[in-house]
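By convention in this document, chain letters (A, B, ...) are assigned in the order of the sequence lines, proteins followed by strands, and residues within each chain are numbered from 1. Hydrogens, waters and symmetry mates are skipped; everything else that's a heavy atom, side chains included, is used.
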Protein chains: 4
Amino acid sequence: MAKRTGDKYRNIIEAAVKVIAENGYHNSQVSKIAKEAGVADGTIYLYFRNKEDVLISLFKVKMGEFTSLAQKELDAIQNPFAKLAKLIGMHLTRLENDRHLALVLQIQLRQSDASIRNAIAEPLKDYSRLIEGMVSHGQNEGSFRKDIGLKLARQILFGAIDEVATSWVLSSKNYSLSAQIEPIYRVLAKALSTDGRHPDYPF
Amino acid sequence: MAKRTGDKYRNIIEAAVKVIAENGYHNSQVSKIAKEAGVADGTIYLYFRNKEDVLISLFKVKMGEFTSLAQKELDAIQNPFAKLAKLIGMHLTRLENDRHLALVLQIQLRQSDASIRNAIAEPLKDYSRLIEGMVSHGQNEGSFRKDIGLKLARQILFGAIDEVATSWVLSSKNYSLSAQIEPIYRVLAKALSTDGRHPDYPF
Amino acid sequence: MAKRTGDKYRNIIEAAVKVIAENGYHNSQVSKIAKEAGVADGTIYLYFRNKEDVLISLFKVKMGEFTSLAQKELDAIQNPFAKLAKLIGMHLTRLENDRHLALVLQIQLRQSDASIRNAIAEPLKDYSRLIEGMVSHGQNEGSFRKDIGLKLARQILFGAIDEVATSWVLSSKNYSLSAQIEPIYRVLAKALSTDGRHPDYPF
Amino acid sequence: MAKRTGDKYRNIIEAAVKVIAENGYHNSQVSKIAKEAGVADGTIYLYFRNKEDVLISLFKVKMGEFTSLAQKELDAIQNPFAKLAKLIGMHLTRLENDRHLALVLQIQLRQSDASIRNAIAEPLKDYSRLIEGMVSHGQNEGSFRKDIGLKLARQILFGAIDEVATSWVLSSKNYSLSAQIEPIYRVLAKALSTDGRHPDYPF
DNA sequence: CATGAATGAGACTTCATTCAT
DNA sequence: TATGAATGAAGTCTCATTCAT
């Protein structure tokens, strides 16, 4: 019933990102999104089950694209610290390059209610697995300490990076987010490193 | 116009915590809170400007109590690492001891819209200052590295702890949150430490 | 939650009868009914669960009043033919005296969908029982033939009277419905009578 | 513009009967009927002016077929009571033999709104004329009483038979409708008969 | 003849807030 | 102080119909 592909599908998702970023989650009516996408209200419902489905799809598409790209890039790197550096860099660069998306992901979508947060959990889990895989590799390879659980390590890494991103989005000052990549790397690399030593940020 | 003290004032705030924890943010109507508090709907408006004011007050009161208690306890400790350990411990213990409050602070209140998040920012800033003060003291005292900014250090510390707390609240498994205190301390202490070395968790 | 008594409750039901009679079932919005009743839209929902509930209540109240009045009047009469005459008379007189109600009961409410028709079934059953009781009494007393089942007798009586009423409501000519009472009586009395004989219409 | 013949025309009408019988009037969308008929949505509009026209045509076709067949059969019979018996028999047998059609005619189509009921009136009038013709013949021939108007007689006959049919369709028990033919005949024959006497059901 | 993607009008219901008592 | 009945604004989604192909 709901076509999940095609130009209009993408248009609507991009329109939703823009509208939500500019108006906030609770002030983004379907009619606004439709107008921004250049389609009729009803057309939204040819591509999505309901409004919630637009938001969930938005998250799945954006998050899915990022996770699979990140996975590919990380796989191309051997050194655990370089992997870590790459992950932090990609995460923050992605957000810095699309402020609309950053607003939506870091702020607006978190105002959604339980059912959306639930559906969002799945693509987030893929990202969690990606991070845990990276940590696990570092531990097996000997670079990362083994005295902390994968889950905890992932929570700390994700929590730290996520908070930095959120602060950046909320800040009225227009500072560079990517400038934070190297210092964050230095903190987190030391935190994970077996002996407190780690190579410089490699990129 | 709005009395900000008295039994009823506290009753209403506690009722709000319970109702929001049990019903979720978007399903916590004023009438539900009033019923839980044992007062009439209209009475709420004798103590609070509007519904938003109830939520903001809730956050201010709970966060204010915690921050001032934490400040007192940290002031009584000299060693920067012990301060860090104490902070992590208090933060997580407070949430573990009041699951209702944890649900509201970590999940539900984050679904509120811009105006509430804005008002919430202020008491959060007090907590930010507390953390930054702690880091600053450690840097001046020589225990904490000086090559990262206060703000970044605070974001990383808060982000990491906050994410651990959120994961705990959302988890269906009933694991102990306080059991995480020591491992988190080990990670964050090493992250901040000048040379990668740090004392064991002291409590 | 929904108060089912009071002046406003009656006002809303009477308003619904008027609005539905004048606008037809599918063109009777809640806002129209509220305006006619002199209350705000939301007030409807203090007295009724939803729009459907207004319609169902309308039917229950009107039908209930009629059935219990009819029961009382029939109980006061002994002769089976006189009972039959009274029933036909009350049924048609009630509708003739309130053309709005007649329109709603005979035409508009029958356009409602399954769930309403379902809820409406119960008060209709009370009326069915009333008719069957009357027939049964006549059979036991010897005036009415015993070679037809109660249910069939009731269907024929109700169907005949109902169709006469419906035709009257739909007719553009303004003829008298009560003038039909006596002829209908003559037909149905003969139909039921043991030997084809029956007393004249007694009222 | 609208072709009113051809296989597709019939297909669509039969599809409409099936879809409406199975889904109810208010849940029978044009797209459902089109799918059931094996044509595209737009094709419906090559054969019918609009959705309403489908329903009206359905009624006209089905009712027209029945009325003309009934007319032919009645014309072949001389005796007024036999004509009456034949009419009751054909009416109920037709419905019993096509439960889908019975559902649509007795229940679903009555939920339609004024404009459809209006258009439906015309083929119904043909049936009314048929019944009135039969009564008139019986009166002239001396078998049927002359002290009731044609219109009233028709209303009573149709109302009684129609109610019996409706009750049968709505009933969850699977009883035989045709088994009712003979008893109904006995009631209505006596009701119409000049002297209360009438021949037995002849078929 | 046939398709089916796109259109866009229209209404029920919730719930924060007020104010007469 | 306290009550709670009344208010009324605001948004999602369905589906009959069209028209370019």
- Task: Please figure out whether D/S31 or A/K51 has its closest DNA chain F nucleotide nearer the 5' end.
- Result: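 In this pair, the answer is A/K51.
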- Query: For DNA chain F, whose closest nucleotide is more 5', that of B/D41 or that of A/T43?
  - Reply: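 Checking each residue's closest nucleotide, the 5'-ward one belongs to B/D41.
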- Query: Is there a Watson-Crick or G-U wobble partner for F/dA20 with both distances under 3.5 Å, and which nucleotide is it?
  - Reply: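 With both distances under 3.5 Å, F/dA20 matches E/dT3.
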- Query: Counting only Watson-Crick or G-U wobble pairs whose two distances fall under 3.5 Å, which nucleotide matches F/dG8?
  - Reply: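 Across all strands, the one nucleotide that pairs with F/dG8 is E/dC15.
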Does [X] [atom1] have over 12 foreign heavy atoms under 6.0 Å away?
X	atom1	result
A/E122	CD	no
B/K51	NZ	yes
D/E65	CD	yes
A/R49	CZ	no

[X] [atom1] to [N] [atom2], straight-line distance once rounded to whole Å:
X	N	atom1	atom2	result
C/Y45	E/dC15	OH	P	13 Å
B/Q29	E/dT14	CD	P	10 Å
C/D7	F/dA6	CG	C1'	15 Å
B/I33	E/dC15	CD1	P	12 Å
A/E52	F/dG11	CD	P	18 Å
A/I44	E/dA5	CD1	P	17 Å
D/R49	F/dT17	CZ	P	11 Å
A/N11	E/dA5	CG	P	17 Å

- Would you mind telling me which residue lines up with the more 5' stretch of DNA chain E, B/N50 or D/G38, judged by nearest nucleotide?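 Here D/G38 is the residue nearer the 5' end.
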- Task: Between D/G42 and C/S28, name the one whose nearest nucleotide on DNA chain E is closer to the 5' end.
- Result: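 The answer here is D/G42.
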- Query: Is there a donor-acceptor pair closer than 3.5 Å between any side-chain N or O of A/Q108 and the backbone N or O of A/Y25?
  - Reply: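 Pair found, side chain donor or acceptor close to backbone of A/Y25.
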- Base, sugar-phosphate alone, or nothing: which one does C/V30 contact when heavy atoms must sit under 4.0 Å apart?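 Base, at least one base atom sits under 4.0 Å.
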- Task: Determine the contact category for B/K8: base if any of its heavy atoms lies under 4.0 Å from a base atom, sugar-phosphate if only primed atoms, P, OP1 or OP2 are that close, otherwise nothing.
- Result: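 The answer is sugar-phosphate, as B/K8 gets under 4.0 Å only of primed atoms, P, OP1 or OP2.
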- Phosphate oxygens OP1/OP2 of F/dA2: is one of them under 4.0 Å from a side-chain N or O of B/Y47?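 True: B/Y47 side-chain N/O within range (under 4.0 Å) of F/dA2 OP1/OP2.
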